[in-house]
K.L.:
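Got a structure for you, written out below as structure tokens; questions coming shortly.
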Amino acid sequence: MSEGIKTFRDLQQEVIDRGLCGKCGGCVSFCSAGRLHALEMGEDDLPRFADEENCLKCGICYMICPVTGELDAEVRRRFGWKPPIGNYEMIRSARATDEAVRRVATDGGVVTSLLLCMLDTHLIDGAIVSQKTSVFGRAPVIATTREDLLSAAGSHFGGSAHLEELGDQYTTYSPTISAVKGLEQRHLRRVAMVGTPCQVRSVKKMQALGILPAHIITYTIGLFCMENFVFEAVGRHRLEERLQIDLSDIDKLNVKEDMIITLRDGRTIHVPFDQLDDVARPACLACTDFANEYADLSAGGLGSPKGYTTILTRTERGSGIYSRALSQGYIEEMPLGEWAAMRAAEDRMGAEVIAFAERKRARGEARLIELRSEGGTDRE
Ligand SMILES: Cc1cc2nc3c(=O)[nH]c(=O)nc-3n(C[C@H](O)[C@H](O)[C@H](O)COP(=O)(O)OP(=O)(O)OC[C@H]3O[C@@H](n4cnc5c(N)ncnc54)[C@H](O)[C@@H]3O)c2cc1C
Ligand code: SF4
Ligand code: SF4
């Protein structure tokens with residue numbers, strides 16, 4: 001392969017050795033030398049060489065990694081990105097009309113409703129979503145039915161498994177990108193993907209490079225994301241002490257302007273992000289995208305009252321799905337009154353999202369500067 005291409009060695013130095021790897025598995029899953037078994041995920045869920053001799057030095061792993069700045073300019077250009085939070089056409093507060101969806105949803109159930117609408121009206125054959133696997137754990141699945149979608153909605157943690165039973169480390173992060181590879185075996189033609197900003201960014205990079213089967217992902221619904229969490233022993237105990245709770249007693253975990261913990265006894269606790277550094281994934285503290293700037297639609301709780309989802313339509317495709325779900329009665333908007341009141345509400349919501357996005361960008365950039373001064377990532 002040609003000189004000057006960054007390879008897995010660079011990924012190791014700039015991303016993995018610096019603690020910035022998000023463990024998405026993309027580099028291993030989409031390694032050009034996959035059949036030659038050049039890369040593998042280690043027991044610590046970090047990628048590593050299985051056999052360096054087999055590495056083709058093509059640089060795909062480096063290019064699609066969401067942490068490197070590689071291809072960012074190309075993705076931005078394709079997407080018509082503009083500051084401060086990427087392109088968006090509309091911002092609204094909405095919720096599912098179906099009570100069964102609202103009952104299980106994280107916020108207003110808009111994400112699940114949009115997917116149901118797309119499935120029912122044959123815009124998609126399936127969707128990559130993340131189903132609960134354990135107390136906090138999520139795993140990606142390809143949902144093809146209403147039941148699949150409903151079982152992936154929400155952020156309630158059913159069951160009462162003791163956290164110790166799960167071992168020393170468990171995370172809210174779902175390795176969605178690994179499910180993209182699984183599309184090959186499923187004979188699906190058009191699939192939606194729900195993901196965090198890093199996951200949507202990876203898919204957009206794959207699409208920019210023409211990596212198959214990323215082309216099957218025809219719609220991306222991006223979640224706002226301040227951070228994901230990893231509850232390893234020390235951080236967890238510190239958090240439990242600070243909050244005076246047992247994490248096993250958590251019934252629901254939501255993230256909006258802070259972390260909202262609902263306990264089984266009905267109590268609700270709000271924990272500001274700056275008190276969560278012990279349990280934030282290290283990679284997340286250097287991440288700069290809050291509002292999922294490259295998705296067709298972005299969704300979060302921030303900016304909306306309880307029981308509603310804030311939704312940004314970013315592309316023609318995204319606006320089309322939103323209008324379809326609204327006109328076919330899958331979702332309803334929060335009544336805001338006259339046009340002027342609606343504009344004022346839009347401005348307020350937009351300002352809140354921008355403020356959080358800027359806060360996250362500043363945090364991520366500060367961390368990246370620290371890492372660069374230690375000889376870390378080249379990312380701008
Ligand atoms: C890790 C994470 C961090 C978030 N941070 C914020 C934040 O800081 N501020 C904010 O306002 N909103 C945040 N959100 C978004 C918010 O929690 C809701 O997901 C969003 O408002 C949509 O609500 P809904 O009721 O419309 O979604 P629902 O209809 O309940 O659907 C939720 C969808 O999210 C998928 N999902 C659940 N967990 C994960 C996961 N770990 N990884 C990938 N997909 C998943 C489900 O499969 C489902 O398709 C975050 C979400 C996640 C998963
Ligand atoms: S973040 Fe993902 S693509 Fe990047 S090194 Fe880690 S596992 Fe590989
Ligand atoms: S903060 Fe969210 S988008 Fe950024 S690396 Fe963590 S999970 Fe991904």
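Quick caveat: nothing in here was measured; it's all calculated off a predicted structure. Just so you know, ligand 1 is whichever comes first in the structure, and atom 1 is the first atom listed for that ligand.
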K.L.:
Side chain or backbone of D107 under 4.0 Å from ligand 1, or both, or neither, by non-hydrogen atoms?
P.N.:
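Contact part for D107 vs ligand 1: both backbone and side chain.
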K.L.:
Which residue owns the protein heavy atom closest to atom 1 (S) of ligand 3, what's the atom, and how far is it?
P.N.:
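Looking at atom 1 (S) of ligand 3, the protein heavy atom closest to it is K360 NZ, 3.1 Å.
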K.L.:
Could you list which atoms of ligand 2 come closer than 4.0 Å to a heavy atom of G25?
P.N.:
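Under 4.0 Å from G25, ligand 2 has these atoms: 2 (Fe), 7 (S).
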K.L.:
Below a 4.0 angstrom heavy-atom separation, can you tell me which part of T172, side chain or backbone, both or neither, approaches ligand 1?
P.N.:
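The part of T172 near ligand 1 is the backbone, not the side chain.
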K.L.:
Does at least one non-hydrogen atom of F290 fall below 4.0 angstrom from an atom of ligand 1?
P.N.:
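Yes; F290 lies near enough to ligand 1 that a heavy-atom distance drops under 4.0 Å.
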K.L.:
Only heavy atoms of N228, strictly under 4.0 Å: list the atoms of ligand 1 that pass.
P.N.:
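Under 4.0 Å from N228, ligand 1 has these atoms: 1 (C).
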K.L.:
Tell me whether F273 reaches ligand 1 (any heavy atom closer than 4.0 angstrom to a ligand atom).
P.N.:
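Contact present.
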K.L.:
With a cut-off of 2.8 Å, does any N, O or S atom of C21 fall short of it relative to atom 2 (Fe) of ligand 2?
P.N.:
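C21 does not place any N, O or S atom closer than 2.8 Å to atom 2 (Fe) of ligand 2.
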K.L.:
To check your reading of the model: name the closest protein heavy atom to atom 48 (C) of ligand 1, its residue, and the distance in Å.
P.N.:
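In this structure, atom 48 (C) of ligand 1 has A152 O, 3.5 Å as its nearest protein heavy atom.
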K.L.:
Considering only heavy atoms of G22, which atoms of ligand 2 have at least one such atom less than 4.0 Å away?
P.N.:
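Atoms satisfying the 4.0 Å criterion: 1 (S), 6 (Fe).
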K.L.:
Using distance alone, determine whether G108 and ligand 1 share an N or O pair under 3.5 Å.
P.N.:
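Such a contact does occur with ligand 1.
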K.L.:
Which heavy atom of the protein is the closest neighbour of atom 2 (Fe) of ligand 2, given with residue, atom name and distance?
P.N.:
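Of the protein heavy atoms, C24 SG, 2.3 Å lies nearest.
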K.L.:
Will you find, in the side chains of Q199 and T196, an N or O donor that is under 3.5 Å from an N or O acceptor?
P.N.:
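A pair is found: one side chain offers a donor N or O, the other an acceptor, under 3.5 Å apart.
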K.L.:
Of the backbone atoms (N, CA, C, O) and the side-chain heavy atoms from C-beta on, which set of R281 has a member under 4.0 Å from an atom of ligand 3: side chain, backbone, both, or neither?
P.N.:
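For R281, only side-chain atoms sit under 4.0 Å from ligand 3.
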K.L.:
I would like to know whether R9 and E52 meet salt bridge (charged side-chain N to carboxylate O under 4.0 Å, His left out); could you show each step before the answer?
P.N.:
CA-CA 9 Å; R9 274 257 160 259; E52 190 168 356; 2.7 Å; yes
K.L.:
For ligand 1, is there an N or O atom under 3.5 Å from any N or O atom of S130?
P.N.:
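N/O-N/O distance below 3.5 Å exists for this pair.
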K.L.:
Check M226 against ligand 1 and report side chain, backbone, both or neither, counting heavy atoms closer than 4.0 Å.
P.N.:
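Near ligand 1, M226 shows its backbone as well as its side chain.
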K.L.:
To which of T106, T176, L223 does the heavy atom nearest atom 53 (C) of ligand 1 belong?
P.N.:
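Selected option, by shortest heavy-atom distance: L223.
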K.L.:
Would you say atom 8 (Fe) of ligand 2 has C27 as a near neighbour, meaning an N/O/S atom of that residue under 2.8 Å away?
P.N.:
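Checking C27: at least one N, O or S atom is under 2.8 Å.
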K.L.:
Please state which option from G300, C225, S298 has its nearest heavy atom closest to atom 2 (C) of ligand 1.
P.N.:
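Of the listed residues, C225 has the closest heavy atom.
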K.L.:
Among protein heavy atoms, which lies nearest atom 6 (Fe) of ligand 3, and at what distance?
P.N.:
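That would be C284 SG, 2.3 Å.
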K.L.:
Where does T309 meet ligand 1, judged by heavy-atom distances below 4.0 Å: at the side chain, the backbone, both, or neither?
P.N.:
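Only the side chain of T309 comes within reach of ligand 1.
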K.L.:
Could you tell me the residue and atom name of the protein heavy atom closest to atom 4 (Fe) of ligand 3, and the distance to it rounded to 0.1 Å?
P.N.:
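Minimum-distance protein heavy atom for atom 4 (Fe) of ligand 3 reads C287 SG, 2.3 Å.
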K.L.:
Looking at N254, which atoms of ligand 1 are within less than 4.0 Å of one of its heavy atoms?
P.N.:
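Counting from 1, the qualifying ligand atoms are 17 (O).
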K.L.:
Is Q131 touching ligand 1 with its side chain, its backbone, both, or neither, if touching means heavy atoms under 4.0 Å apart?
P.N.:
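Under 4.0 Å from ligand 1, Q131 contributes no heavy atoms.
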